[in-house]
Novice: 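Pasting a structure below so you can have a look.
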Amino acid sequence: MTVRVRFSPAPSGSLHVGSARTALFNWLYARHTGGTFLLRIEDTDQSRSTDTSAAGIEDTLTWLGLDWDEPVVRQSQRFAEYRAAAEQLLDEGRAYACSCTPEEIKARNEAAVAAGRSPGYDGHCRELSDAERQQLAAEGRPRTLRFRTPETGASTFVDLVRGEVRVEWSTITDFVILRSDGTPLFFLANAVDDLEMRISHVIRGEDLLDSTHRVLAVRAALSPEPPPQFAHLPLIVGPDRAKLSKRHGAVALEEFRAAGYLPDALRNYLALLGWAPEDGRELLDADELVAAFELSRVTHAAAAFDHEKLDWMNGEWIRRLTLPELEAAALPLARARFGETFDLALLRRALALGQGRATTLGALLDQADFLFIPDDQFRVRPDAWAEVTTDRVDEILAAVEAHLEARDWGEPVDLRGVIEALGLKARQAMPAVYTAIEGRRAGLPVFESIELLGRDRSLQRVRAARAQRA
RNA sequence: GCCCCCAUCGUCUAGUGGCCCAGGACGCCGCCCUUUCAAGGCGGUAACGGGGAUUCGAAUUCCCCUGGGGGCACCA
């Protein structure tokens with residue numbers, strides 16, 4: 001069978017890590033099988049302006065390395081087709097017009113819950129006669145189209161990751177497929193689009209598992225063609241096992257991008273959330289992921305998003321970069337921090353110095369900022385001196401200043417002799433030097449940093465620090 | 001309330017009846033290396049939620065319980 005999968009994000013403007021993972025698994029499956037990967041923006045709610053946010057999603061997917069094969073489909077451009085499909089279902093008796101107002105439904109739902117019954121549409125308009133419907137229409141009441149759900153039996157389908165799932169129809173109430181303003185709900189839009197786009201597989205989050213029965217019912221009513229096969233991915237949760245949200249830290253892919261995470265790292269990490277290759281490898285590039293990916297190996301339980309493991313993995317990917325690649329990845333972030341004009345050669349040297357120890361590009365650039373901040377604006381971080389534990393700071397800085405004045409700048413910087421002469425261990429004395437030079441107690445290796453700064457700027461930093469403490 | 005899904009170290013996971021007194025990775029702890037902190041190297045800590053059943057044998061199969069998550073909209 002030819003695989004055609006589609007990723008269908010809501011046009012929210014950014015890509016939540018959960019959606020990104022769904023996109024990735026769709027893409028991996030398509031690429032692994034040699035199938036087609038499609039992008040369809042779900043915007044059946046006309047009230048939103050979706051073009052800008054859709055462009056943002058496309059940009060982020062591209063950054064992640066997930067390329068799609070055919071022009072992007074926007075559901076907002078296809079309202080006429082959805083309406084025609086709904087009317088067809090109405091004519092065939094698979095759907096019926098409902099004249100209940102939202103207020104009435106809400107009130108009856110609340111009453112049902114209060115009485116200990118389940119919420120959901122109560123079938124109020126299900127069996128009205130034609131005369132009654134005409135009467136209601138004449139009263140100017142709203143008209144939505146509801147899908148007529150079977151009263152008996154069960155809905156079953158085989159989920160590609162979970163196996164057979166089964167729900168009694170009696171627990172699924174009649175649902176709206178066309179709003180009173182004529183726009184569709186996603187049950188209908190998805191069924192129509194998946195049919196038209198000849199979608200063969202739908203891979204999406206487990207939160208949609210129950211709604212699949214409804215999509216499948218609409219699809220079956222619309223066409224005798226076999227429906228797509230469904231696969232539901234386990235959800236991604238926060239450290240507290242609750243739905244991953246803003247209070248757990250970054251959740252939008254754009255935030256990770258801005259913080260200096262590499263697309264390779266994010267793709268790699270996300271792929272391992274709910275899936276693992278048979279051979280247990282953890283560090284995999286795009287090609288390796290595609291080659292190893294199997295839907296049957298997707299796990300069933302929700303996975304917690306672990307920022308620390310992502311950090312580790314991002315560091316691994318930073319270390320794999322060549323210097324030109326590292327520079328290319330860091331440049332946009334550097335511009336955002338240091339402005340359009342800064343010493344590019346200096347940045348290159350700083351990146352080379354920090355590559356072996358970085359977890360994110362953002363943190364790396366933070367550590368390098370002392371090189372790019374103009375000397376008259378340079379300040380030691382407020383809490384830095386407090387973290388220096390020795391009480392001989394002034395002595396140390398005086399000795400360092402004397403050394404920097406006298407030394408031969410053609411030689412590599414080495415302060416070890418200076419520290420030893422004071423009878424101090426490096427562990428005791430170095431934080432003071434870091435603080436004076438870099439403005440923070442720890443950061444890029446300080447000897448090399450002094451060389452990057454040069455004689456004048458280094459001396460100026462040490463003198464400023466001494467003056468500040470005097 | 002009703003329905004559905006799920007359940008191995010703190011976290012991501014391997015494991016589909018004996019190879020498992022459960023393996024890897026992140027984190028954590030210790031040691032080494034070392035110009036502070038990192039990074040790196042080496043080592044260590046740590047789990048099959050509970051109870052039944054099937055079987056010569058169960059992390060792996062079945063049932064119940066418990067726990068967690070999701071769903072029940074004119075959102076997607």
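The sequence lines fix the lettering, A, B, ..., with proteins before strands; numbering per chain opens at 1. The shown structure was predicted, so the numbers you read here are calculated from the model rather than taken from an experiment.
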Novice: Return the nucleotide paired to B/U36: Watson-Crick means purine N1 to pyrimidine N3 with N6-O4 or O6-N4, wobble means G-U with N1-O2 and O6-N3, both under 3.5 Å.
Specialist: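 Base-paired to nothing in any strand shown.
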Novice: With respect to the phosphate group of B/U35, does any side-chain polar atom (N or O) of A/R416 fall under 4.0 Å of OP1 or OP2?
Specialist: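 For A/R416, the contact criterion (side-chain N or O under 4.0 Å from OP1 or OP2 of B/U35) is met.
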Novice: So if I take residues 153-162 of chain A and measure heavy-atom distances to RNA chain B, which residues fall below 4.0 Å?
Specialist: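 When residues 153-162 of chain A is checked for heavy atoms under 4.0 Å from RNA chain B, the hits, listed by number, are A/R162.
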Novice: For A/R179 and A/P184, indicate whether the former's side chain and the latter's backbone hold a donor-acceptor pair under 3.5 Å.
Specialist: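 At least one qualifying donor-acceptor pair exists.
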Novice: Taking C-beta and beyond as the side chain, do A/C98 and A/V176 meet within less than 4.5 Å on heavy atoms?
Specialist: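 Result no, sub-4.5 Å side-chain heavy-atom pair not found.
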Novice: Write down the partner of B/C20 under the Watson-Crick or G-U wobble criteria, each distance required to be under 3.5 Å.
Specialist: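 WC or wobble partner does not exist here.
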Novice: Is A/F186 stacked on the base of B/C75 when the test is centres under 5.5 angstrom and planes under 30 degrees?
Specialist: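 A stacking contact does not exist, since A/F186 is not both close and nearly parallel to the base ring of B/C75.
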Novice: Flag the pair A/V165 / A/F230 as yes when at least one side-chain heavy-atom distance between them is below 4.5 Å, and no otherwise.
Specialist: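 Not touching, per the 4.5 Å side-chain cut-off.
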Novice: List, with names and distances, any nitrogen or oxygen atoms from the protein found under 3.5 Å away from nitrogen or oxygen atoms belonging to nucleotides 40-49 of chain B.
Specialist:
{"unit_1": "B/G40", "atom_1": "OP1", "unit_2": "A/E316", "atom_2": "OE2", "d": "3.1"}

Novice: Counting only side-chain N and O atoms of A/R427, is one of them less than 4.0 Å from OP1 or OP2 of B/U34?
Specialist: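 The answer is no; no side-chain N or O of A/R427 sits under 4.0 Å from OP1 or OP2.
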Novice: What nucleic acid atoms does A/T299 come within less than 4.0 Å of, heavy atoms only: base, sugar-phosphate, or nothing?
Specialist: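 Contact class for A/T299: sugar-phosphate only.
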Novice: For A/P142, report the nucleic acid contact type (base, sugar-phosphate, nothing); a contact means any heavy atom under 4.0 Å.
Specialist: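 Base, at least one base atom sits under 4.0 Å.
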Novice: Please tell me which of the listed nucleotides, B/G15, B/A25, B/A76, lies nearest to the side chain of A/E42?
Specialist: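 Selected nucleotide (nearest to the side chain): B/A76.
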Novice: Write down the distance between CG (A/D174) and P (B/C74), rounded to a whole number of angstrom.
Specialist: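 Distance check: A/D174 CG to B/C74 P gives 12 Å.
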Novice: Rounding to a whole Å, what distance do you find between A/E282:CD and B/U11:P?
Specialist: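 Those two atoms, CD and P, are 16 Å apart.
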Novice: Which is true for A/R117 with a 4.0 Å heavy-atom rule: it touches a base, it touches only sugar-phosphate, or it touches nothing?
Specialist: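 No contact.
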Novice: Examine B/A76: is either OP1 or OP2 under 4.0 Å from a nitrogen or oxygen in the side chain of A/R214? Give yes or no.
Specialist: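 Indeed not, no polar side-chain atom of A/R214 lies that close.
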Novice: With sequence neighbours left out, write down each residue that passes side chain to side chain donor-acceptor pair (under 3.5 Å) with A/R457, or none if nothing qualifies.
Specialist: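 Only A/D375 meet the side chain to side chain donor-acceptor pair (under 3.5 Å) criterion with A/R457.
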Novice: Taking atom types as they are modelled, would you say the side chain of A/R357 forms a donor-acceptor pair with the base of B/A39 within the 3.5 Å cutoff?
Specialist: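 Checked by distance alone, the answer is no.
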Novice: Quick one, give me the B/S/- string for nucleotides 64-70 of chain B, reading 5' to 3', where B means a protein heavy atom under 4.0 Å from the base and S means that only happens at the primed atoms, P, OP1 or OP2.
Specialist: -----SB
Novice: Kindly say whether, by distance alone, the side chain of A/T171 makes a donor-acceptor pair under 3.5 Å with the base of B/C2?
Specialist: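 Answer is no: no donor-acceptor pair is held.
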Novice: When you measure from every atom of RNA chain B, which of residues 259-280 of chain A have a heavy atom less than 4.0 Å away?
Specialist: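 The answer is A/L272, A/L273, A/G274, A/A276.
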Novice: With a 3.5 Å limit on both atom pairs, tell me what B/C72 is paired to, counting Watson-Crick and G-U wobble, or say none.
Specialist: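 Here B/C72 is engaged in a pair, and the nucleotide opposite it is B/G1.
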Novice: Going from CG on A/D306 to CD1 on A/I236, what distance comes out if it is rounded to the nearest 0.5 angstrom?
Specialist: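 Result: 12.0 Å between the selected atoms.
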Novice: How far does the P atom of B/U45 sit from the matching atom of B/U35, given to the nearest Å?
Specialist: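 B/U45 and B/U35 have their P atoms separated by 31 Å.
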Novice: I want to check one thing: is the phosphate of B/A76, taken as OP1 and OP2, less than 4.0 Å away from some side-chain N or O of A/R204?
Specialist: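 Checking B/A76 against A/R204, no side-chain N or O comes under 4.0 Å of OP1 or OP2.
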Novice: Between A/R179 and B/A76, does any side-chain N or O lie under 4.0 Å from OP1 or OP2?
Specialist: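 So the side chain of A/R179 is within the cut-off, an N or O lying under 4.0 Å from OP1 or OP2 of B/A76.
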Novice: State, yes or no, whether a side-chain contact exists between A/Q75 and A/I41 at a heavy-atom distance under 4.5 Å.
Specialist: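 Not in contact.
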Novice: Need one value for A/R281: base, sugar-phosphate or nothing, where a base atom within 4.0 Å counts as base even if backbone is also close, heavy atoms only.
Specialist: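 No contact.
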Novice: With sugar-phosphate meaning primed atoms plus P, OP1 and OP2, does A/V113 contact a base, only sugar-phosphate, or nothing at under 4.0 Å between heavy atoms?
Specialist: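 Nothing: the residue A/V113, judged by heavy atoms under 4.0 Å, touches no strand.
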Novice: If you look at every strand shown and take non-hydrogen atoms under 4.0 Å, does A/E308 touch a base, only sugar-phosphate, or nothing?
Specialist: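 The residue A/E308 makes sugar-phosphate contact but no base contact.
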Novice: Hey, could you give me each pair passing salt bridge (Lys or Arg N to Asp or Glu O under 4.0 Å) that has a residue in residues 260-279 of chain A? Not counting sequence neighbours.
Specialist: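 Every pair satisfying salt bridge (Lys or Arg N to Asp or Glu O under 4.0 Å) with a residue in residues 260-279 of chain A: A/D264-A/R267, A/D279-A/R281.
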